[in-house]
Every structure is written in C-alpha cells, then in structure tokens.
Amino acid sequence: MLASLLRAFLVGGGICLVVQIFIDLTALTPARILTALVVLGVFLGALGLYQPLVDFAGAGASVPLPGFGNLLAQGVKEEIDASGAIGILTGGMKAASAGLTAAIFFSFIAGLLGKSRN
C-alpha cells in the first residue's frame, strides 16, 4: 500500500511540477495550460499511452487534468464500439458524467456556504 501511495504522489507531483514550470517560465495563461493538459490527455488516451500510467500510478495519474482527457477518450472509444458513430458525441459525456455532476453539486454547496466578496 505504501508503494502505491508513493507512486501516486510522485506521478501526480511530477505532473504538477511540470505545469508549475510552464506557468512560471512561459507567457501562456493558466487557462491555456489547463486546456492543453486535457487535450494532451485525450490524445494520449486515444493512442493508448496514458492508461499504462494510470495503471502504474492510480489516482496520481487519473485525478490531474490529463486523466480527465484520458477518461473522455476512453468513453468515446467504448461508446463508438457499442453505438457506432453517435458515440463520438455521447461517449465522453457519458464517461465523465459522474465527476462533472459531483463538481457542479459541490460547487453549488460551496457557493451556498461561502461568503462572497468584492
């Protein structure tokens, strides 16, 4: 168990380190970097290159934004196999629906409990 925690920490921390370097040393905005991470995850997931990292690091690779892109790619691939071409439109959202719903719900709760400022 300790080894899996260490792998998750090192891989997730490595992803965060690379992103922080991009934020500090480039003129790219954080929004562009975050979008690039999701797109990178989609490409790596579509090529089957990201899943071995998820198998190795667990949440250290699946929780950061490339993991979200990988989830979208896997959902599209599965839905295309099950439903055909319509899976291009429905697969990603079907695969990510639980996480997106949780993010919306907990953001709403935080908005109710939080105090807004100018």
Nearest heavy atoms of [X] and [Y], plus distance in Å:
{"X": "N70", "Y": "G45", "value": "OD1-CA, 3.1 Å"}
{"X": "A95", "Y": "G75", "value": "CB-CA, 3.6 Å"}
{"X": "V11", "Y": "A61", "value": "CG1-CB, 4.2 Å"}

Taking the side chain as C-beta and beyond, is there a heavy-atom pair between [X] and [Y] under 4.5 Å?
{"X": "Q74", "Y": "L71", "answer": "no"}
{"X": "D81", "Y": "E78", "answer": "no"}
{"X": "V19", "Y": "I23", "answer": "yes"}
{"X": "F68", "Y": "L72", "answer": "yes"}

Could you tell me the separation between the [atom1] atom of [X] and the [atom2] atom of [Y], rounded to the nearest 0.5 Å?
{"X": "I80", "Y": "T90", "atom1": "CD1", "atom2": "OG1", "answer": "8.5 Å"}
{"X": "L40", "Y": "I33", "atom1": "CG", "atom2": "CD1", "answer": "12.5 Å"}
{"X": "R32", "Y": "L37", "atom1": "CZ", "atom2": "CG", "answer": "14.5 Å"}

Co-membership, hydrophobic cluster, residues F106 and I104, 4.5 Å side-chain
no

Hphob cluster co-occupancy, L34 + V18, side-chain heavy atoms under 4.5 angstrom
yes

When you look at NZ of K77, are more than 12 heavy atoms from neighbouring residues, nucleotides or ligands closer to it than 6.0 Å?
yes

